[in-house]
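The structure presented is a predicted model; accordingly, all values stated were derived computationally and were not measured. Values below: all heavy atoms of this structure, side chains included; hydrogens, waters and symmetry mates excluded. Every chain is numbered from 1 and lettered A, B, ... according to where its sequence line falls, protein lines coming before strand lines.
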Amino acid sequence: MAKASAASKYSEITLTKDRDGEEIKVQLEGKTVEFNYYESIMSPNITANMVIMDTGYSARYNKKYDKQERVGSIYNALPLTGNEKLKFRIESSLGELDFVNRPLFVNGSTSPDQDSQREAILLSLFSEGAKLNSESTAMRKYQGNIGDSVKLLIKQFLTGKSESIKVKQENIQNTANPYSFAGNSKSVFEICCNLASKSTTEKDSAGFFFFETKDGFQFKSIDSLISQPISARYFKSEVLLESMNTDQNDFKILASHMRKNQNVLNALNAGVYFSRNIYFNPQTFEETEIEYQFTDGKLVKSLGKSAEAPDVNAYTKTNYNILDIGTLEETVKGGDNNDPKDYQAQAAMRYNILFSQLVDIQVPCNPNLRAGDTIDCYFEIITQSKKEQGYMDPVQSGKYLIVDLCHHYEPTRSITSLTLARDSYGLYTEKNKS
Amino acid sequence: MKSASLPQGFFLGQIPPNWNEYVRTLSWEDAHNNRVKVRIPGKHSKGDEICDKDLPWAIVEQSTSSGHLNGSSVGLWGGEWVTGYFLDRDEQIPVITGVLGVNITQENKIKKSACSTEFKPVNRFNSGLDTIATQRKSGPKPPGPLTEIDENTKKEVKQSLSSPEEAEAARLAAEGQTGDLFNNPNVQNPEEAAQTDAQRREEANRRVAAAALTASTQEEMTTDAASSAKELNQKRMEAAQARIDAANKLNPPPTPQQLEEIRNERIGRLGLERVLEIESGPFSGGYK
């Protein structure tokens, strides 16, 4: 067994509740039977859930409920009413998951299994950003580079409201295109996720993601994510290396499942390969039609050697747009505000091609991995030929992007489950060798 | 944000004062779609988080009667509450489809807003808007008449008339109305009257447009329009006088002898006392 798969240590796991002005702390070491931590490039906030087994010696009842102030389980004695803070630090052989200074909050709890001596409690958790997002209402007008608008929104509604939320400047990437928009009373996450799909980079394809990892909020282009250096290299083999001292077993794919490998009809319906784009200019009453094809070469970077596209002879989707001509300018003058010709069809292609292959894998727990990281995966070739010539499959193996991530901790083992995405096939990238 | 009362993508909003292309004396060359800014409750702040100048320009949708054949002003000036929808899914490009009826009571209404109207009622006559004839009965009296006939002209016309009936007929003729059209050969042909009216309107439109293009401020435009209206009134009265003269030529006024006969006939019919009373009245004219 790999060291990284062994049980992890909860060096701190404390639930804190503000009860009538008094801070009640409950240590959950020894009570936690399962902990799952989630990140996703499709989610603007971190979530987690945990299972606690409580035998009724965790907290004293509130005097207003129980005059004797007896001790009981946290479910009723604390009691769990939501919004409690959970600070935790979980150490495993490859690293630690540290949320002591950035606690998660209890969203809700259930007690699915109760008997007279003990009860199981299931807690669902969210990061503080999610709560602040719900309280945010963006009213004002934002203009200029989209990256700057995202920074401003984060400062205005997240980092400006809580000291525990930190954002690294380098994690918010500037875009090539400026965009003026009104907040329209939307929440900060809603706006940032929406802006991501309208963002372009100077040389790369359009399409960004706004998401949260243990490093904080990130606003990055797809191409910058897939072109970053790999975080780890994993291999799949039926063979377990003999020595327990080698860390090679820590980077072994324990299980894998190819969830998706292309869906041509869905891609055609989404206009991934060939689309017609109609633009109407309300100032000049000019109607423009542009056909956009995958073969135009707008896919600048890819994870593998080449992205495969079926032979498509006609457009399969029509996108219709009304241009925004100076809608938010002070005078009526002004050109088109973030011309959709520059990003719309290209972003649709980029997002869809990225998710053309999806693989679920399980690996020994690696808390250093984050959603949005890239890893190399080597899958074993299935061949009747000799494997001495190379045991890796040259098509399926290569660089993958982590879309979803779950660090799973149990009393006896720790694993990381990943959903990986890939836009192309082949071991090495042509345009972006890492 | 979903609206609880309006269908998704629709809105109810208020137009702030000072934000339409007309109030800027049509000086914006890029102006299009008769746009006005709009503040939408639930989307835009009541306070100054988003100022009027940062609000989106809303395209104003007009009825088919504003097609190429006609064309007309949208009539939106500032302060109106309007309904509409968004052209895009992100709800950034609003389109106004209609206006809620304007309440003409002027008390406690703001004339202009510093940064936000705060959704308060806005005075109808904001942003330098002056009254037009149809608005005279409401609101504060404008500083000067725009289209009304001046007192001198009225006096001159009155002196030239011989009886209340003739005065009425002349007034109708001057205004291009048909009056007793089908029986009286002296009244102007309705087609000609309509033509004259159309020409007059065209001339007025041309002058107002010319004034609007050349005037650099609202005051100049208003002054130009007022003087233009005075000239038009003068012409109208001259035309009326010409028509009356023509009518007199065809149907000359009675001689003193005929007048005496008419008076005697009246005395016989109404009595001397009543005739004297009529003769001392303001409209005695030639009967005196």
Side-chain angles (χ1 to χ4, degrees), chain A residues 133-134 136-144 146 149 152-153 156-157 179-198 278-286 319-340 343-344, chain B residues 1-4 8-9 11 13 16 18-61 67-68 84-96 115-116:
Chain A
N133 168 64
S134 300
S136 67
T137 307
M139 290 277 193
R140 53 168 287 190
K141 171 185 159 185
Y142 299 85
Q143 56 190 338
I146 296 176
S149 295
L152 186 60
L153 282 159
Q156 200 179 348
F157 296 107
Y179 178 48
S180 297
F181 62 95
N184 276 359
S185 297
K186 288 183 179 164
S187 69
V188 59
F189 284 178
E190 194 178 356
I191 294 173
C192 290
C193 291
N194 186 262
L195 289 174
S197 65
K198 295 179 186 306
I278 300 174
Y279 305 98
F280 177 73
N281 185 327
Q283 182 183 20
T284 60
F285 299 114
E286 185 185 2
N319 298 312
Y320 189 76
N321 272 285
I322 287 137
L323 300 181
D324 174 355
I325 308 291
T327 301
L328 276 168
E329 297 305 314
E330 193 169 330
T331 71
V332 295
K333 287 185 180 177
D336 184 30
N337 179 17
N338 197 16
D339 194 340
Y343 68 84
Q344 194 190 50
Chain B
M1 190 208 68
K2 289 181 179 175
S3 164
Q8 184 71 10
F11 68 83
N18 284 317
W19 288 103
N20 67 62
E21 57 195 50
Y22 302 105
V23 81
R24 306 299 170 120
T25 62
L26 300 170
S27 61
W28 282 333
E29 289 174 5
D30 285 5
H32 61 94
N33 305 122
N34 298 301
R35 294 188 300 177
V36 291
K37 294 221 171 209
V38 63
R39 180 178 293 275
I40 301 164
K43 285 200 179 296
H44 305 132
S45 63
K46 187 171 185 175
D48 57 5
E49 284 98 331
I50 183 162
C51 286
D52 290 347
K53 68 182 175 65
D54 292 329
L55 292 171
W57 286 106
I59 294 169
V60 182
E61 193 174 279
H68 282 177
Y85 61 91
F86 290 97
L87 274 179
D88 59 328
R89 202 171 50 178
D90 296 332
E91 302 191 337
Q92 296 287 336
I93 312 174
V95 174
I96 291 168
C115 181
S116 162

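- Contacts between I59(B) and chain A at a heavy-atom distance below 4.5 Å involve the side chain alone, from C-beta outward.
- When all heavy atoms of I146(A) and N338(A) are compared, the closest pair comes out as CD1-ND2, 4.3 Å.
- If you measure heavy-atom distances from Y320(A) to chain B, you find no contacts under 4.5 Å at all.
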May I have the list of side-chain donor-acceptor pairs in residues 48-56 of chain B shorter than 3.5 Å, sequence neighbours left out?
| from | atom 1 | to | atom 2 | distance (Å) |
| --- | --- | --- | --- | --- |
| E49(B) | OE1 | S45(B) | OG | 3.3 |
| D52(B) | OD1 | R39(B) | NH2 | 2.7 |
| D52(B) | OD2 | S113(B) | OG | 2.5 |

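- Judged by a 6.0 Å distance limit and a 45° cone about the ring axis, R140(A) is positioned over the six-membered ring of Y142(A).
- The side chain to side chain contact (heavy atoms under 4.5 Å, CB included) search around Q344(A) returns N277(A), Y279(A), N319(A), N321(A), P340(A), not counting sequence neighbours.
- Contacts between N194(A) and chain B at a heavy-atom distance below 4.5 Å involve the side chain alone, from C-beta outward.
- In this structure, chain B has a heavy atom under 4.5 Å from the backbone of L323(A), while its side chain stays farther away.
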